[in-house]
Amino acid sequence: MVIWGAIVNALSVLLGGWLGSSMGHLLLERTRKGIMTAISLAIVFIGVQGALETENLIVMILSLVFGTLIGESLDFEGKFNQFAHQLQDRFAGDGESTFQEAFVSSTLFVAVGAMAIIGSLQSGLSLNHSTMYAKSILDFVFIFVLSSTLGIGGAFSAVPLFIYEAALAIVASFVAPFLSTAVTSEIGAVGSLLIMGLGFNLMQVTDIKVMNIAPSMFMPILILPILTMF
């Protein structure tokens with residue numbers, strides 16, 4: 001099922017919000033940080049594993065170069081951060097209820113970002129939900145921790161999350177028949193490198209602007225056919 005990854009992710013957010021609001025206070029802060037670090041390591045491994053499936057290293061390198069050139073020129077990372085701050089100020093400013101603050105903060109974390117895009121595309125293009133499963137665990141922990149302090153509001157971010165990820169996966173599934181196996185394979189490999197970067201960022205080892213590299217995922221669609229002509 002194309003939207004299975006989106007369903008699992010939404011359920012993980014609901015469960016994290018419910019458990020966090022009811023018993024999250026029982027978990028020590030250092031334990032929470034340790035769990036997040038462990039999950040980040042697993043995300044790095046998933047990224048490495050997927051990146052090694054590339055069948056054409058030249059396509060991967062060129063995709064990263066040209067995709068990053070586009071992303072840095074348009075500064076997707078900066079625009080996203082600006083949008084996130086505006087949304088936070090608009091809907092969760094001073095004096096707002098903790099429910100609203102929890103809902104907005106959770107939605108910004110789980111529904112908008114590179115991992116949601118990459119995972120949804122992988123689900124739609126190749127029915128590979130592994131990234132969505134990893135994201136579900138990460139989101140569960142984040143929502144659990146947030147809900148332990150701000151209440152049940154974070155659980156409701158599951159609604160926009162499901163709509164967003166399911167829509168991306170469905171659109172990708174319609175495009176998939178028009179792409180060769182080699183192209184979808186390279187899209188997955190490049191996307192896996194971005195997943196690895198996200199893992200390092202979560203561990204605070206690096207500060208990679210993943211959103212500025214994200215256009216690289218779509219570059220194999222153009223680069224691979226050109227290279228096969230020579």
Exercise. Does the side chain of Ile117 come within less than 4.5 Å of Tyr164's, by heavy atoms?
Worked result: yes

Exercise. Would the number of heavy atoms belonging to other residues, nucleotides or ligands and lying under 6.0 Å from OH of Tyr133 be above 12?
Worked result: yes

Problem set entry | Nearest heavy-atom neighbours spanning Glu53 and Ser185 | O-OG, 3.7 Å

For this session: Please examine the side chains of Gln122 and Ser192, heavy atoms only from C-beta on, and report whether any two atoms are closer than 4.5 Å.
Result: yes

Exercise. Within a strict 4.5 Å, meaning less than it, do heavy atoms of the Phe140 and Leu19 side chains meet?
Worked result: yes

For this session: Indicate if Val159 and Leu146 have the same hydrophobic cluster label, given that clusters are the connected sets of ILVMFWY residues with side-chain heavy-atom separations under 4.5 angstrom.
Result: no

Seminar exercise, completed: Rounded to the nearest 0.5 Å, the CD atom of Glu165 sits from the CG atom of Asn9 at a distance of 4.5 Å

For this session: Just do the side chain to side chain contact (heavy atoms under 4.5 Å, CB included) check on Val44 and Phe200 with the steps written out, would you?
Result: CA-CA 7 Å; Val44 170; Phe200 284 128; 3.9 Å; yes

Exercise. Between Ala182 and Leu224, what is the shortest heavy-atom contact and its length?
Worked result: CB-CD2, 3.6 Å

Exercise. If you measure from the Lys or Arg side-chain nitrogens to the Asp or Glu carboxylate oxygens, is any gap between Lys79 and Asp75 under 4.0 Å?
Worked result: no

Problem set entry | Within-4.5 Å side-chain heavy-atom neighbours: Ser136 and Val8 | yes

Problem set entry | Side chain proximity check, Leu138 to Lys135, heavy atoms < 4.5 angstrom | no

Problem set entry | Ile7 reachable from Met115 in the ILVMFWY side-chain graph, under 4.5 Å edges | no

Exercise. Between Ser148 and Val145, is there a donor-acceptor pair closer than 3.5 Å when you use the side chain of the first and the backbone of the second?
Worked result: yes

Exercise. Heavy atoms, side chains only, cut-off 4.5 Å: are Phe76 and Pro215 in contact?
Worked result: yes

Problem set entry | Reported NE2-to-CE distance for the pair His129 and Met1, which is rounded to 0.5 angstrom | 8.5 Å

Exercise. What distance separates Ile213 CD1 from Thr68 OG1, expressed to the nearest 0.5 Å?
Worked result: 5.0 Å

Exercise. What are the two closest non-hydrogen atoms of Ala158 and Leu14, and how far apart are they?
Worked result: CB-CG, 3.7 Å

Problem set entry | Whether Asn212 side chain and Glu77 backbone form a donor-acceptor pair below 3.5 Å | yes

Exercise. Where is the tightest heavy-atom contact between Val190 and Pro220, given as atom of each residue plus distance?
Worked result: CG2-CG, 4.4 Å

For this session: Flag the pair Glu186 / Thr54 as yes when at least one side-chain heavy-atom distance between them is below 4.5 Å, and no otherwise.
Result: yes

For this session: Start with the C-alpha gap between Leu227 and Leu62, add the side-chain angles, then the distance that decides, and say whether side chain to side chain contact (heavy atoms under 4.5 Å, CB included) holds.
Result: CA-CA 11 Å; Leu227 291 182; Leu62 290 177; 4.3 Å; yes

Exercise. Do Leu127 and Val2 come close enough that some side-chain heavy atom pair is under 4.5 Å?
Worked result: yes

For this session: May I ask you to decide if Pro225's main-chain N or O and Thr228's side chain share a donor-acceptor pair within less than 3.5 Å?
Result: yes

Exercise. Taking a hydrophobic cluster as the set of Ile, Leu, Val, Met, Phe, Trp and Tyr residues connected by side-chain heavy atoms closer than 4.5 Å, whether directly or through intermediates, do Val141 and Leu11 fall within one such cluster?
Worked result: no

Exercise. Taking all atoms of both residues into account, what is the closest heavy-atom pair of Met60 and Ala189, and its distance?
Worked result: CE-CB, 3.6 Å

Problem set entry | Connected via hydrophobic side-chain network under 4.5 Å: Val210 and Phe45 | no

For this session: Could you tell me the separation between the OG atom of Ser123 and the CD1 atom of Ile170, rounded to the nearest 0.5 Å?
Result: 11.0 Å

Problem set entry | Rounded distance [0.5 Å steps], CG in Leu168 versus CD1 in Ile118 | 11.5 Å

For this session: Please determine, by modelled atom types, if Ser130 and Asn128 share a side-chain donor-acceptor pair under 3.5 angstrom.
Result: yes

Exercise. So which heavy atom on Val13 is nearest to which on Ser157, and how close?
Worked result: CG1-OG, 3.4 Å

Problem set entry | Check against side chain to side chain contact (heavy atoms under 4.5 Å, CB included), Thr131 and Ile43 | CA-CA 8 Å; Thr131 297; Ile43 290 173; over 6 Å; no

For this session: For the pair Thr184 and Ser126, evaluate side chain to side chain contact (heavy atoms under 4.5 Å, CB included) and give the outcome as yes or no after the intermediate values.
Result: CA-CA 7 Å; Thr184 56; Ser126 58; 5.6 Å; no

Problem set entry | Among Val65, Ile70, Leu69, the one residue meeting side chain to side chain contact (heavy atoms under 4.5 Å, CB included) with Met219 | Ile70

Seminar exercise, completed: So CG of Asp139 and CG of Leu161: to nearest 0.5 Å the spacing works out to 6.5 Å

For this session: Using the rule that two of Ile, Leu, Val, Met, Phe, Trp, Tyr join whenever any of their side-chain heavy atoms come within less than 4.5 Å, decide whether Ile221 and Leu193 are in one cluster.
Result: yes

